[in-house]
Number of protein chains: 2
Amino acid sequence: MAVKDSHRARQAQATKEQVARAARVLFRQQGYVATTIAAISDAAEIPAQTIYSAFGNKPAILREIARIWIAEADTRRLAQESLALADPAERLRAAAHWNTRQFVAGIDVIQIYQEAARADPRMADEMQRVWAAREHELKLYLESFDGDLAQPQDRALDIFLACTTAEVYRLLVSDRGWSEAEYETWLGDTLVSQLLP
Amino acid sequence: MAVKDSHRARQAQATKEQVARAARVLFRQQGYVATTIAAISDAAEIPAQTIYSAFGNKPAILREIARIWIAEADTRRLAQESLALADPAERLRAAAHWNTRQFVAGIDVIQIYQEAARADPRMADEMQRVWAAREHELKLYLESFDGDLAQPQDRALDIFLACTTAEVYRLLVSDRGWSEAEYETWLGDTLVSQLLP
């Protein structure tokens, strides 16, 4: 019985991921607002009724897209591991690495969220909460530097956030054709020169 | 006769500016898409028919808003003058000054243009042209540094653009509460450390 249940749960989760992956492509190509559940149903080859039962609404599909992105980019583990690096410059370059990885894996998801937030105040609130959680994690990360920073903690956090805005990544990589490796090296150098004495 | 004509032209221009200033407040507060000519007419206390005759449509009003912004920020003159500075670091700090001034005078106009560009492909094209013109001017500005830059010209331009995105200004000044002077100093220091040997 338990085996059957867990099989069913796995199947349900597989269906959700299939829907989320198809929806992500449509959201990216046609926009979040313009994409209907019917279109997602066609693209995912999953009946619309199943999508409604699994998610309820479009915001829930976007939440699943974000969950998959964060799980696959695996940045939380990378951030944890990099805390073990003793050299502050190495630790900042590691931060450049996991930030870059997060952008590479999901710059489209960030853009979709930004569009959704403009159209739907609840999504704007949700995005605020996600940014606040990220900010909190970065704050803890920067606290690990203790006396090593050239700036007070608050200012260091502001500068870290400024260097890692999605728009700068998009400008350098998507618009100006930098490779992801070039961006990562630049970001690492910049964080070192901005935050260390 | 000529005196009368020029008087009439001045009056027409005064009316246009009155409409543009009222429209700018509404676009900022309620959004470009949501603001009607009727609402602008009420706010500017100018008959809607006069607005239609003077502008034709909403994009033309936004163009006038942008023209006033650029004229008042007076950055072209500042940029020209700063080319006379012999010291490269001073010239970059001067660039930080006129960039900051441009943002202070019109970060709302940039945001309105971004919204208009998302809603209207013609406005997106127009914004592309404005960015391309800015890029061209910055390219010429950076060429004045000749052999003084630590980076090839193209890369220096990319980095200059990345440091001066509207989003970074917005994050530091609007969201994180930096003063305009703090932003300008940070931008100057950053351009110097990023672009000079």
Side-chain angles (χ1 to χ4, degrees), chain A residues 31-34 103 107 110-112 114-119 121 124 127-128 131-132 134-135 138-139 150-179 182-183 185-197, chain B residues 31-34 103 107 110-112 114-119 121 124 127-128 131-132 134-135 138-139 150-179 182-183 185-197:
Chain A
Y32 171 82
V33 173
F103 283 137
I107 190 71
I110 295 174
Q111 210 146 357
I112 295 165
Q114 287 172 333
E115 188 210 337
R118 284 190 296 266
M127 204 169 77
Q128 277 306 319
W131 287 139
R134 175 176 181 257
E135 193 186 309
L138 290 177
K139 199 165 159 349
Q151 317 268 2
Q153 290 283 344
D154 279 4
R155 194 177 155 91
L157 178 59
D158 294 347
I159 291 172
F160 192 104
L161 292 171
C163 293
T164 55
T165 60
E167 284 75 14
V168 168
Y169 174 84
R170 207 141 52 201
L171 180 115
L172 293 176
V173 176
S174 313
D175 299 351
R176 319 289 303 176
W178 287 28
S179 71
E182 281 174 299
Y183 169 81
T185 303
W186 170 80
L187 180 58
D189 290 348
T190 300
L191 290 174
V192 167
S193 79
Q194 293 262 328
L195 299 180
L196 298 184
Chain B
Y32 172 82
V33 174
F103 283 137
I107 189 70
I110 296 174
Q111 209 147 359
I112 294 165
Q114 287 171 333
E115 189 209 336
R118 283 191 296 266
M127 204 169 77
Q128 277 305 319
W131 288 138
R134 173 175 182 258
E135 193 185 312
L138 290 177
K139 200 165 158 350
Q151 317 268 2
Q153 291 282 343
D154 278 4
R155 193 177 155 90
L157 179 59
D158 293 347
I159 291 172
F160 192 105
L161 292 171
C163 294
T164 56
T165 59
E167 285 74 13
V168 169
Y169 173 83
R170 208 142 49 201
L171 181 116
L172 293 176
V173 177
S174 313
D175 298 352
R176 317 290 301 179
W178 287 29
S179 70
E182 280 175 300
Y183 170 80
T185 302
W186 171 81
L187 180 58
D189 291 346
T190 299
L191 290 173
V192 167
S193 79
Q194 292 264 327
L195 299 180
L196 298 183

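Any value given below was found using the heavy atoms of this structure, including those in side chains, with hydrogens, waters and symmetry copies removed. Proteins get letters first, then strands, A, B, ... in listed order; numbering begins at 1 in each.
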Distance check, rounded to the nearest 0.5 Å: [X] atom [atom1] versus [Y] atom [atom2]?
{"X": "A:Asp189", "Y": "B:Gln194", "atom1": "CG", "atom2": "CD", "result": "8.5 Å"}
{"X": "B:Leu172", "Y": "A:Ile159", "atom1": "CG", "atom2": "CD1", "result": "7.5 Å"}
{"X": "B:Arg118", "Y": "A:Gln114", "atom1": "CZ", "atom2": "CD", "result": "9.0 Å"}

| query | Checking heavy atoms, do the side chain of B:Glu115, its backbone, both or neither come under 4.5 Å from chain A? | reply |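 Contact with chain A: none, neither part.
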| query | Is there side-chain contact between A:Glu167 and B:Arg170, with heavy atoms separated by less than 4.5 Å? | reply |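 Side-chain contact under 4.5 Å: no.
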| said: With chain A as the partner, which of B:Thr165, B:Asp158, B:Leu157 has the greatest number of non-hydrogen pairs under 4.5 Å? | reply: B:Asp158
| said: Can you confirm whether more than 12 heavy atoms, excluding those of A:Asp175, are under 6.0 Å from its CG atom? | reply: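 More than 12 heavy atoms, drawn from other residues, nucleotides or ligands, come within 6.0 Å of this atom.
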| Side chain, backbone, both or neither: which part of A:Leu171 has a non-hydrogen atom closer than 4.5 Å to chain B? |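 The side chain, not the backbone.
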| A:Gln151, part contacting chain B, at a heavy-atom distance under 4.5 Å | neither
